[in-house]
Amino acid sequence: MVRIWGSLTSATDGQADVEIEATTLKELLDGLSEKYPAIRPQLQRGVSVSIDGKIYNDSWFQPIKPDSEVVLLRRIVGG
Amino acid sequence: MPLDDQTPGQKPGEARQFKVVGTRPLRPDGIDKVTGRARFGADMSAPGMLIGRVLRSPHAHARIRSIDASKAEALEGVKAVVTRADFGAGDDDVADILDNCMAGEKALYDGHAVAAVAATSAAIARKALKLIDVDYETLPHVVDVDAAMKPDAPVLHEGLSDETVPDGVSQNVVHRVEFGHGDVEAGFAKADKVLERSFKTAATHQGYIEPHACLATMGTDGIADLWVCTQGHYMVRNTCAAILGIDQGKLRVTASEIGGGFGGKTTVFLEPVALALSRKANRPVKMTMTREEVLRATGPTSSTSIDVKIGMNKDGKITAASADLRYQGGAYQGSPADMGSMTAFAPYDLENVKTVGWDVVTNRPKAAAYRAPGAPMAAFAVESVVDELAKGFGLDPLDVRLKNAAREGTKSSYGPTFPAIGLEATLQAAKDHPHWKAPLGPNQGRGVACGFWFNFGGDTCVSLNITPDGTVTLSEGNPDIGGSRASMSMMAAEELGIPYDQVRTVIADTGALGQNEVTDGSRVTFAVGLATIKAARNAKKVLCERAAMVWGIDPEAVEWADGCARPAGDNAGKFPPMSLKEIAAIASNTGGPVAGHFEVNAEGAGVSFATHMVDTEVDPETGAVKVVRYTVFQDAGKAVHPAYVEGQFQGGAVQGIGWALNEEYIYGEDGRLQNPGFLDYRIPVASDLPMIDTVILEIPNPGHPYGVRGVGETSIVPPLAAIANSVSEAAGVRMTDLPMSPPKVLAAIQNG
């Protein structure tokens, strides 16, 4: 189950929580892109993903457990 | 060899006992900086070097019909002139950066670069600029974020709005984001009181003392070198290579000492221009900005306009909260409205919350990152309303924050559920501190506010080498803006069990290490520290193998403790310990030089919270505000070098004081910046400030071997709000417009 932010729900038929079969970050992003093509422009702009409260930007093979909390975030930037 | 995160003899669950980490050794760059020996961006020269200068637009918005540089090119001593025509199309990823470095079809703000000259002297270069004839068609401009959103506003870029932007607003709105959960309207209906306020914050500059500067050399063979003042020389390499169409491996970038960055040196301005001039002139080219150029043409932060609505019950419980955050990011997309929307309510455990962020372009310089980009303005607005509601109910503002504080298990306003976090600890430390109970004088007020920031890690490389005499050199790829040379030396010394002064850390050039993320995101002590510890552990493994070789025993039977290889137990045999120096001395006899390195994308950094408390005194006759006492409470995970951590806390508070009280970009009716200098753009100086007191909390970060948490950014999040809450109490009127400069405060007092 992936939680996505409010304005992105227009790409997921209004759903804030969507179901994607994934054991890694890459599978998650690929699955999202395939299931919800309208989300692709945002994925191309870049996202961060919170997995169990920790933020990941790039690590494709970061494991996702069946009970992990996964949240899609705007790409985190810093100064 | 055991390589876990515990010290020898440490039992599971016990706090690790450090010998070097947590002490305050002398900083390694101190003597260089106080004697003037340190080499900054403008301190490098090369034989045959030319001086580069930039011609900048005097218009806020203008179409460039043509540029005639023939007279400049004919001037004796001029070796090259470049305009946008000298750059290729470049990658899409760097299109905006290129256009910001050198304007294409339009000049989009006052100070936008339109041409550049390289000449044999600065005087000739300046004279040549005057000979360049630019034919402008001036266009209507807009610099205010709310004005830029109106349907009839002058448009900077046709068709820039993406799919998230609703119909009916200007094309200057690039992107809209929305975060939150629950039902805010239902939550407001349950509240004893609902308060709605609007806020404005001015654009402020990072205010680094050292202007941008670089020295570029690019030959006809396509091989290039760049010496530059930057927060990330790997970023400079990659960006310049993309802009100039060259291979990254052919451009070597060396970072100079850096006189401040604060996020503003996380992109490029002069660097691709200097390389293009050098390529055209076939000579080295040095470029240095004036202060005026820094203020007109490098990235300030966004100015903002924010509406906040919060419902609260009489007991202080927040029932719902919402915010509409409008950030202008200058002439290109990318304002941190999204970060403001994610961080605004992050300190609170809310059942119903909604934020909407708007990224808007205006005729101002492209916004750059500034410590915790986007968060301070959002915190200012939210924390002001929380404060006003708490005081309206006669409640203690710290108690109200504690009552609503996010904690482990809270579903954050931006989505994820928080793991163990340190917000309550900072609030409780503030409540228990003598500052909170100290009496106030006449015309004085006290304010508090919380702040949140994410922190991240990113690509990181460290190489640790042991010299034949047993001293250690450590190479990292991140310019040292917050004490990283000291903290890396300390963590390497801790891990190797040797004194701090036996390790020297240097910032390697881009040819020496793999890719390194910019020094930003409060990442370096966390990520480079993690890589340093792992690199030292890899070196220790080799050191143990060498000792095992000498002793003729299995490497697994050797452990490293207190700077020596030792037999791991009685069964390993009885051998006297071998020190690092002894093993280094025979390295050539046992297989060759000893080193350890580590490369990682250090993901999974933990979030960070702070609480600030400030007393101010308002002069009722002039509106001038004096900060009389200030205390910062922040979780550092583990403070590697507490003096640097205190410096980060103090620096964030001081920059926040400037942002809250004096700093602002002032534009005239013509869209030109009116105050591009430190006389008229007023940053705080030492005589404006009290001692900034600090309380370092140490709640270990489980994602780092020593428990380190980034501290570089969070400290600038609470001050705008804390100071506004303090000034509002002292002045007796709620201040909602930053900066709270004397005329504004006086008018607010007089108007009630």
Side-chain angles (χ1 to χ4, degrees), chain A residues 1-18 20 24-26 28-29 32-33 36-79, chain B residues 162-164 175-181 206 231 261-264 266 301 334 336 338-339 341-342 354-357 368-374 408 411-412 414-421 453-459 517-518 520-523 601 603-607 703 710 712-713 716:
Chain A
M1 189 70 77
V2 188
R3 190 177 305 151
I4 63 169
W5 69 82
S7 43
L8 217 51
T9 56
S10 61
T12 57
D13 308 323
Q15 298 175 76
D17 293 297
V18 298
I20 300 289
T24 66
L25 188 53
K26 185 171 191 305
L28 168 79
L29 297 175
L32 268 174
S33 181
Y36 300 105
I39 216 167
R40 286 178 194 161
Q42 182 57 51
L43 295 181
Q44 282 161 2
R45 282 192 288 268
V47 293
S48 296
V49 179
S50 169
I51 303 173
D52 295 324
K54 289 188 173 180
I55 292 169
Y56 299 84
N57 282 341
D58 305 299
S59 297
W60 281 357
F61 300 105
Q62 178 63 36
I64 298 175
K65 292 179 288 191
D67 60 346
S68 285
E69 181 200 61
V70 182
V71 184
L72 207 61
L73 303 172
R74 289 278 290 176
R75 180 87 176 185
I76 305 296
V77 298
Chain B
D162 69 18
E163 74 282 356
T164 62
H175 190 81
R176 177 187 178 276
V177 289
E178 184 182 318
F179 291 91
H181 56 254
Q206 296 82 354
Q231 285 178 242
F262 312 111
T266 58
T301 189
D338 50 355
M339 296 296 112
S341 304
M342 290 164 77
K354 179 181 175 182
T355 56
V356 176
Y370 185 10
R371 295 174 96 156
E408 185 172 4
K411 182 179 178 181
S412 69
Y414 61 95
T417 302
F418 282 127
I421 52 175
W453 187 244
F454 297 102
N455 296 344
F456 58 76
D459 285 335
E517 171 65 72
V518 172
D520 68 354
S522 304
R523 71 174 220 93
N601 181 353
E603 302 247 59
V607 299
E713 296 176 286
I716 204 171

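Chain A is the first sequence line, chain B the second, and so forth, proteins listed ahead of strands; every chain is numbered from 1.
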So, the part of Arg3(A) with a heavy atom under 4.5 Å from chain B: the answer is side chain
Strictly distance-based, threshold 3.5 Å: is any side-chain N or O of Asp338(B) a donor or acceptor partner for the main-chain N or O of Arg74(A)? no
Taking every heavy atom of Ser522(B) against every heavy atom of Trp453(B), the minimum-distance pair comes out as OG-CD1, 4.5 Å
Among Arg523(B), Met342(B), Lys354(B), His181(B), the residue with the most heavy-atom pairs under 4.5 Å to chain A is Met342(B)
Q. Within the distance-only criterion (no hydrogens, no angle test), does the side chain of Glu713(B) pair as donor or acceptor with the backbone N or O of Gly79(A) below 3.5 angstrom?
A. yes
Honestly, the part of Arg75(A) sitting under 4.5 Å from a heavy atom of chain B is backbone
*Side chains of Arg40(A) and Ser33(A), donor plus acceptor under 3.5 Å*: yes
In terms of heavy-atom pairs under 4.5 Å with chain A, the winner among Arg176(B), Met339(B), Arg371(B) is Met339(B)
So, the part of Ser10(A) with a heavy atom under 4.5 Å from chain B: the answer is neither
Max heavy-atom pairs within cutoff under 4.5 Å with chain A, candidates Phe179(B), Phe418(B), Tyr370(B), goes to Phe179(B)
Okay, Asp459(B) and chain A: the region with an atom under 4.5 Å from a heavy atom over there is neither
Counting heavy-atom pairs under 4.5 angstrom with chain A, the leader among Pro373(B), Pro419(B), Ala369(B) is Pro373(B)
Give a yes or no on whether the backbone of Pro416(B) and the side-chain of Glu69(A) come within a donor-acceptor separation of less than 3.5 Å.
no
For Leu73(A) and Ser50(A), the nearest pair of non-hydrogen atoms, with its separation, is CD1-CB, 4.0 Å
Honestly, the part of Gln206(B) sitting under 4.5 Å from a heavy atom of chain A is neither
Tightest non-hydrogen contact, residues Ile421(B) and Val607(B), listed as CG2-CG2, 3.8 Å
